Undergrad: 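There's a structure below that I have some questions on.
This structure is a prediction, so every number in the text was calculated from the model and none was measured.
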Amino acid sequence: MMIISSGPRRLLIAVVSVVAALVPFYSAHAEMSAWADNEGGRMRLVALAPDAGGKIRAALQIEPKPGWITYWKEPGGNGIPPQITVAAESGVALDAIAYPVPKHFFNGAIEDIAYDAPVTLPLSLTAAGKGPVTIDAAAFIGICKDICIPFQANFQLKLGPAIQSHPQEEAILQGADAKLPKPPSQDFGVTAHAMSPDRKTLSLTLALPGGGPGEGKGAPDIIVTGPSGYAFTKQIGGKRDGATFKVDVAIGKLPENYDISGKRWGLLVIDGERAMETTLAFE
């Protein structure tokens with residue numbers, strides 16, 4: 001299970017309103033903001049003009065300094081997941097945030113699901129009207145080394161007409177998309193899943209790829225995301241037989257009176273250099 005807590009790593013708590021007051025807007029009249037800097041790294045916003053349907057491709061670029069990490073959508077035992085909000089009055093809505101494949105870190109009692117190198121989070125947005133668009137966005141992330149520092153910045157981007165070419169922004173967005181986990185395929189996916197009656201273990205049967213670097217040599221990394229703020233990674237009795245892998249994942253304490261019926265949980269499987277992400281439906 002994961003929650004945000006002080007835990008074994010000391011978390012520097014800051015009042016968000018104070019942080020927001022101290023961090024200026026990073027504004028631009030193009031498709032890329034200036035960098036916002038922090039003790040542990042920097043971040044900026046990149047976007048392209050809306051298409052004919054009002055859809056906007058954008059991304060939050062985060063660059064931790066050497067030795068620092070920033071977090072995946074469910075960070076582990078301690079940490080702050082990325083939070084991005086777009087001002088409603090701007091006429092732009094944030095539809096989805098995508099997450100490149102993270103790394104799994106263990107340091108004594110601390111478990112982190114995070115990034116220790118530059119990472120770009122693809123964003124899907126929609127503009128409500130026609131004409132010029134200005135994105136007013138706030139990003140709030142955790143960036144950690146021996147301590148975790150909340151890092152908040154406000155960005156404003158005025159998007160130019162779609163007819164203009166922006167190869168640098170296009171390259172950034174295409175590079176981010178290439179690092180996303182892939183959807184299930186015939187050779188990499190879930191063939192069966194079941195929750196035990198006591199909700200203590202989740203049994204998985206996976207079809208795993210073979211032949212690539214690091215593939216077929218042992219247990220894959222499995223991250224199950226349940227209710228918001230919860231992730232489960234402890235494997236029990238995993239057995240790999242060719243392309244088939246059967247394993248139980250230990251499910252820690254769930255929210256009180258949590259009813260799993262009708263819920264959909266997330267699943268990320270990392271096997272060598274390939275990663276697959278899907279959802280698990282529970283009847």
Side-chain angles (χ1 to χ4, degrees), residues 1-2 69 71-77 81 96-107 111-117 119-122 124 173-252 254 260-283:
M1 182 189 74
M2 67 161 80
I69 62 172
Y71 290 100
W72 189 57
K73 58 185 174 182
E74 296 291 1
I97 306 173
Y99 294 85
V101 180
K103 293 182 181 179
H104 210 162
F105 299 95
F106 295 91
N107 183 12
E111 176 186 0
D112 290 314
I113 307 170
Y115 307 97
D116 64 349
V119 62
T120 301
L121 308 182
S124 299
L173 296 175
Q174 289 176 8
D177 288 343
K179 294 182 179 180
L180 297 176
K182 300 299 186 286
S185 59
Q186 186 173 356
D187 72 332
F188 198 2
V190 181
T191 57
H193 71 279
M195 182 69 75
S196 63
D198 62 4
R199 302 191 308 180
K200 296 296 184 184
T201 56
L202 172 65
S203 297
L204 296 172
T205 303
L206 307 174
L208 296 182
E215 296 167 359
K217 298 181 180 179
D221 196 3
I222 297 174
I223 302 170
V224 177
T225 54
S228 178
Y230 290 77
F232 310 101
T233 62
K234 183 180 178 181
Q235 299 183 30
I236 303 170
K239 183 179 180 181
R240 190 162 191 159
D241 183 9
T244 300
F245 184 73
K246 294 184 177 182
V247 68
D248 288 340
V249 176
I251 303 300
L254 290 167
I260 198 171
S261 299
K263 300 295 194 304
R264 298 181 73 89
W265 285 15
L267 175 68
L268 175 65
V269 181
I270 305 168
D271 190 41
E273 295 184 356
R274 290 183 62 180
M276 180 276 300
E277 189 169 37
T278 189
T279 57
L280 305 174
F282 296 94
E283 300 298 331

Undergrad: State, yes or no, whether a side-chain contact exists between F245 and T205 at a heavy-atom distance under 4.5 Å.
TA: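 They are not in contact (no side-chain heavy atoms under 4.5 Å apart), so the answer is no.
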Undergrad: Only counting residues at least two apart or in another chain, list the ones meeting side-chain contact (heavy atoms from CB on, under 4.5 Å) with A194.
TA: none
Undergrad: Report yes if some heavy atom in the side chain of F188 is under 4.5 Å from a heavy atom in the side chain of L208; otherwise report no.
TA: yes
Undergrad: Can you sort out the partners of A98 under side-chain contact (heavy atoms from CB on, under 4.5 Å), two or more places apart, ordered by chain and number?
TA: P122, L180
Undergrad: Salt bridge (charged side-chain N to carboxylate O under 4.0 Å, His left out): which pairs involve residues 190-209, sequence neighbours left out?
TA: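 Counting only pairs at least two positions apart or across chains, no salt bridge (charged side-chain N to carboxylate O under 4.0 Å, His left out) contact touches residues 190-209.
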Undergrad: Between L280 and L204, is any pair of side-chain heavy atoms under 4.5 Å apart?
TA: yes
Undergrad: Less than 4.0 angstrom from a charged side-chain N to a carboxylate O is my criterion; do E273 and K182 meet it?
TA: no
Undergrad: Is there a side-chain contact between M276 and P181, using heavy atoms and a 4.5 Å cut-off?
TA: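 Heavy-atom side-chain distance check fails, nothing below 4.5 Å.
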Undergrad: Sequence neighbours left out, what passes ring pair (Phe, Tyr, Trp, His ring centres under 6.0 Å) with F282? Give chain and number order.
TA: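 Partners of F282 by the ring pair (Phe, Tyr, Trp, His ring centres under 6.0 Å) criterion, ordered by chain and then number, come out as H193, W265.
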Undergrad: Give, for atom CD1 of I251 and atom CD1 of I260, the distance between the pair rounded to the nearest 0.5 Å.
TA: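 That separation rounds to 7.5 Å.
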Undergrad: Should we say atom NZ of K246 is surrounded by more than 12 heavy atoms from elsewhere, each under 6.0 Å from it?
TA: no
Undergrad: Who pairs with T201 by side chain to side chain donor-acceptor pair (under 3.5 Å), at least two apart in sequence or on another chain?
TA: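 For T201, the residues satisfying side chain to side chain donor-acceptor pair (under 3.5 Å) (neighbours in sequence not counted) are S196.
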Undergrad: Determine yes or no for a side-chain-to-main-chain donor-acceptor pair under 3.5 angstrom, with Q235 supplying the side chain and P220 the backbone.
TA: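 Looks like yes, one N/O pair under 3.5 Å.
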Undergrad: Which pair of heavy atoms, one from E74 and one from A231, lies closest together, and at what distance?
TA: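 Looks like CB-CB, 4.1 Å.
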Undergrad: So do the side chains of L267 and V190 get within less than 4.5 Å of each other, counting heavy atoms only?
TA: yes
Undergrad: Roughly how far, to the nearest 0.5 Å, is CD1 of I223 from CZ of F232?
TA: 13.0 Å
Undergrad: Check for a donor-acceptor pair, side chain of Y230 on one end and backbone N or O of V224 on the other, with a separation under 3.5 Å.
TA: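 Between the backbone of V224 and the side chain of Y230 there is no qualifying donor-acceptor contact (under 3.5 Å).
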Undergrad: How close do G238 and V247 get, heavy atom to heavy atom, and via which atoms?
TA: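 Smallest heavy-atom distance, with atoms named: CA-CG2, 3.6 Å.
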Undergrad: I'd like to check the salt bridge (Lys or Arg N to Asp or Glu O under 4.0 Å) partners of D187; sequence neighbours left out, ordered by chain and number.
TA: R274
Undergrad: Heavy atoms, side chains only, cut-off 4.5 Å: are H104 and T233 in contact?
TA: yes
Undergrad: Can you list the residues that meet the side-chain contact (heavy atoms from CB on, under 4.5 Å) rule with L173, with sequence neighbours excluded?
TA: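 If we apply the side-chain contact (heavy atoms from CB on, under 4.5 Å) test to L173, skipping adjacent residues, the hits are L48, R57, A59.
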Undergrad: Mind checking what makes side chain to side chain donor-acceptor pair (under 3.5 Å) contact with T279, not counting sequence neighbours?
TA: R264
Undergrad: Would you say the side chain of T191 lies within less than 4.5 Å of the side chain of L206, judging by non-hydrogen atoms?
TA: no
Undergrad: Calculate, to the nearest 0.5 Å, the distance between atoms CD1 and NZ belonging to I113 and K73 respectively.
TA: 10.5 Å
Undergrad: Not counting sequence neighbours, which residues clear salt bridge (Lys or Arg N to Asp or Glu O under 4.0 Å) with K179? List them please.
TA: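 For K179, no residue satisfies salt bridge (Lys or Arg N to Asp or Glu O under 4.0 Å) once neighbours in sequence are set aside.
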Undergrad: Rounded to the nearest 0.5 Å, what separates atom CG in L268 from atom CG in D221?
TA: 7.5 Å
Undergrad: Distance from S261 atom OG to E283 atom CD, nearest 0.5 Å?
TA: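 One gets 8.5 Å once the value is rounded to the nearest 0.5 Å.
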Undergrad: Show the numbers, then the answer: is there a side chain to side chain contact (heavy atoms under 4.5 Å, CB included) between R240 and D271?
TA: CA-CA 12 Å; R240 190 162 191 159; D271 190 41; 3.1 Å; yes
Undergrad: Could you please spell out the steps behind the side chain to side chain contact (heavy atoms under 4.5 Å, CB included) verdict for D116 and K103?
TA: CA-CA 8 Å; D116 64 349; K103 293 182 181 179; 3.1 Å; yes
Undergrad: Mind checking the CD1-CD spacing from I270 to E277? Nearest 0.5 Å is all I need.
TA: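 So the CD1 of I270 and the CD of E277 are separated by 9.5 Å.
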Undergrad: Sequence neighbours left out, what passes side-chain contact (heavy atoms from CB on, under 4.5 Å) with S203? Give chain and number order.
TA: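 Partners of S203 under the side-chain contact (heavy atoms from CB on, under 4.5 Å) test: D248.
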Undergrad: Carefully, step by step, assess D112 and I69 under the rule side chain to side chain contact (heavy atoms under 4.5 Å, CB included).
TA: CA-CA 9 Å; D112 290 314; I69 62 172; 3.7 Å; yes
Undergrad: Measuring only between side-chain heavy atoms, which start at C-beta, is W72 closer than 4.5 Å to V119?
TA: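 Side chain of W72 against side chain of V119, heavy atoms only: no contact under 4.5 Å found.
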Undergrad: Identify the heavy atoms of F105 and Y115 that sit nearest to each other, and give their distance.
TA: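 Here F105 and Y115 meet closest at CE1-N, 4.4 Å.
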